[in-house]
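First comes the structure, then the notes that go with it.
We use all heavy atoms of the structure for the numbers below, so side chains are in, but hydrogens, waters and symmetry mates are not.
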Amino acid sequence: MGDKNGQTVAGGKGEGNRLDQLNHPTDVLIDKETDSVIICDRWNKRVVRWSRRSSTTQGEVLIDNIWCRGLFMDDQRYLYVSDTEKHEVRRYQLGDKNGTIVAGGNRKGANLNQLNFPTYIFVDQQQTVYVLNRDDHRIVKWNKGAKEGIVVAGDRGEGNALTQLYHPAGLFVDTLGTIYVADSSNYRVVRWPKGAKQGTVIVGGNGDGEGANQFRYLRGLTLDGQGNLYVVDSNNHRIQFFPRQ
């Protein structure tokens, strides 16, 4: 805190597939136990880990041959990775390169045992896996050990009704099971209480624009410990902050 300049902790050697390079990374998380960062190195089709020690010059491959898009680590340090080519989410113990399918894995499709371009993931303390199903415009919840998911947001096709999503691109679930979705092509953030049949627009929904109450291509969101909302407003090149509502 207080620094005016960032420090490169992974990559920074140009686009490439060497162990000191990354190629279009799409997600990152911090593993506090090993003091390292774990990165979805998407165009290299791998998940890599870089120590945060200042002497680190290259990463190590944790998982390869995977079109990874999103990452999550649960309280037991299991790693979850979404694969947009196989339309599945796998759970890995660190050091295991094979993993176990916990969502999808039955080819691309709209059935409840399938996914369609899974991106962001959220896992709660019961190891319930929430998956943002981008091209089916819905969020699907997979309970631990389940063979199919439960639709918890969206699922009425693309659209702007409160029962619908349109190319969602960000996901967060709070401790009450309330789902927050960056509903990208509707330029809004929608909140779905647990069990709700439709969502509530909490910010945005005022069309594509640069105003303080507008977005232009949402791409990610998170809530802090006080319930304040941070939204990635990609094509406006900014992060928007909204106090707890």
Side-chain angles (χ1 to χ4, degrees), residues 1 6-12 19-54 56 58-84 86 88-104 115 117-134 139 141-142 144 168-175 179-182 218-225 228-232 234 239:
M1 296 297 295
Q7 176 186 351
T8 300
V9 295
L19 288 177
D20 64 347
Q21 294 177 305
L22 299 171
N23 192 345
H24 290 83
T26 57
D27 208 353
V28 62
L29 58 83
I30 296 172
D31 181 9
K32 294 180 180 179
E33 189 159 318
T34 61
D35 194 23
S36 62
V37 291
I38 297 175
I39 303 161
C40 174
D41 189 11
R42 180 167 171 77
W43 284 19
N44 281 326
K45 296 183 68 176
R46 65 190 185 188
V47 176
V48 295
R49 177 169 59 192
W50 288 61
S51 169
R52 292 203 293 172
R53 299 185 185 93
S54 59
T56 300
Q58 66 180 37
E60 61 173 318
V61 177
L62 295 179
I63 307 164
D64 55 15
N65 193 31
I66 182 171
W67 274 109
C68 60
R69 181 59 181 80
L71 302 171
F72 197 93
M73 183 175 283
D74 70 15
D75 294 341
Q76 299 178 42
R77 298 187 67 244
Y78 283 101
L79 179 65
Y80 298 76
V81 187
S82 62
D83 185 331
T84 59
K86 296 178 180 177
E88 66 186 23
V89 176
R90 285 182 182 257
R91 181 180 64 219
Y92 298 83
Q93 282 188 309
L94 293 178
D96 170 21
K97 291 184 179 293
N98 296 315
T100 302
I101 295 174
V102 293
L115 298 174
F117 207 89
T119 57
Y120 291 91
I121 314 163
F122 194 96
V123 184
D124 67 17
Q125 293 182 330
Q126 288 73 47
Q127 294 187 325
T128 303
V129 182
Y130 295 80
V131 185
L132 191 153
N133 224 16
R134 192 195 73 179
I139 310 299
K141 177 178 76 172
W142 293 66
K144 184 177 181 180
L171 171 66
F172 186 91
V173 184
D174 70 15
T175 54
I179 300 165
Y180 296 78
V181 185
L218 297 172
R219 195 162 187 167
L221 56 74
T222 193
L223 274 71
D224 65 19
N228 301 309
L229 176 67
Y230 298 78
V231 183
V232 180
S234 183
I239 309 298

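With R49 contributing its side chain and I39 its backbone, the two residues share no donor-acceptor pair below 3.5 Å. Listed for the D64 side chain is no donor-acceptor partner under 3.5 Å among the backbone atoms of R46. At least one donor-acceptor pair under 3.5 Å links the side chain of K97 to the backbone N or O of L62. Formation of a donor-acceptor pair under 3.5 Å by the R52 side chain with backbone atoms of V9 is not found in this model. Put simply, the side chain of D27 gets close to the backbone of L71: a donor and an acceptor are under 3.5 Å apart.
Minimum interatomic distance between V181 and L221 (heavy atoms only, all atoms of both residues): C-CD2, 3.6 Å. Minimum interatomic distance between R69 and T26 (heavy atoms only, all atoms of both residues): O-OG1, 3.1 Å. Taking both residues in full, the closest heavy atoms of T128 and D124 are given as N-OD1, 2.9 Å, listed atom of the first, atom of the second, then distance. Nearest approach of Q21 to D41, heavy atoms of both residues: O-OD2, 4.0 Å. Closest of all the heavy-atom pairs between W50 and T56 is CE3-CG2, 3.9 Å. Closest non-hydrogen pair, P118 versus T84, comes out as O-CG2, 3.2 Å.
The pair R77-D31 counts as a salt bridge, with a side-chain nitrogen and a carboxylate oxygen less than 4.0 angstrom apart.
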*Can you check side-chain contact (heavy atoms from CB on, under 4.5 Å) on L22 and V48, steps first, answer last?*
CA-CA 9 Å; L22 299 171; V48 295; 4.0 Å; yes
_V102 vs Y78, side-chain contact (heavy atoms from CB on, under 4.5 Å): CA-CA, chis, key distance, verdict_ = CA-CA 12 Å; V102 293; Y78 283 101; over 6 Å; no
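Within the model, atoms CD1 of I66 and OH of Y92 stand 4.0 Å from one another, a figure rounded to the nearest 0.5 Å. Note: I239 CD1 to T222 OG1 = 11.0 Å, rounded to the nearest 0.5 Å. With rounding to the nearest 0.5 Å, the separation of OG1 in T100 from CD in E88 is 10.5 Å. Residue R90 holds its CZ atom at 9.5 Å from CD1 of I63, rounded to the nearest 0.5 Å. Between atom CG of residue L132 and atom CD1 of residue I121 there is a gap of 10.0 Å, rounded to the nearest 0.5 Å. Going from atom OG of S36 over to atom CG of L94 covers 8.0 Å, rounded to the nearest 0.5 Å.
A 6.0 Å sphere centred on CD of Q58 holds more than 12 heavy atoms belonging to other residues, nucleotides or ligands.
For the pair V173/L171, a side-chain contact is recorded, criterion being any heavy-atom separation below 4.5 Å from C-beta on. Looking only at side-chain heavy atoms (C-beta outward), M73 and Y80 stay at 4.5 Å or farther from each other.
When the options Y120, F72, F122 are evaluated for a ring-ring contact (aromatic ring centres under 6.0 Å, His included) with F172, the one that passes is F122.
The ring-ring contact (aromatic ring centres under 6.0 Å, His included) check on Y230 picks up F241, with sequence neighbours excluded. For Y180, the side-chain hydrogen bond (donor to acceptor under 3.5 Å, both in side chains) criterion is met by no residue, not counting sequence neighbours.
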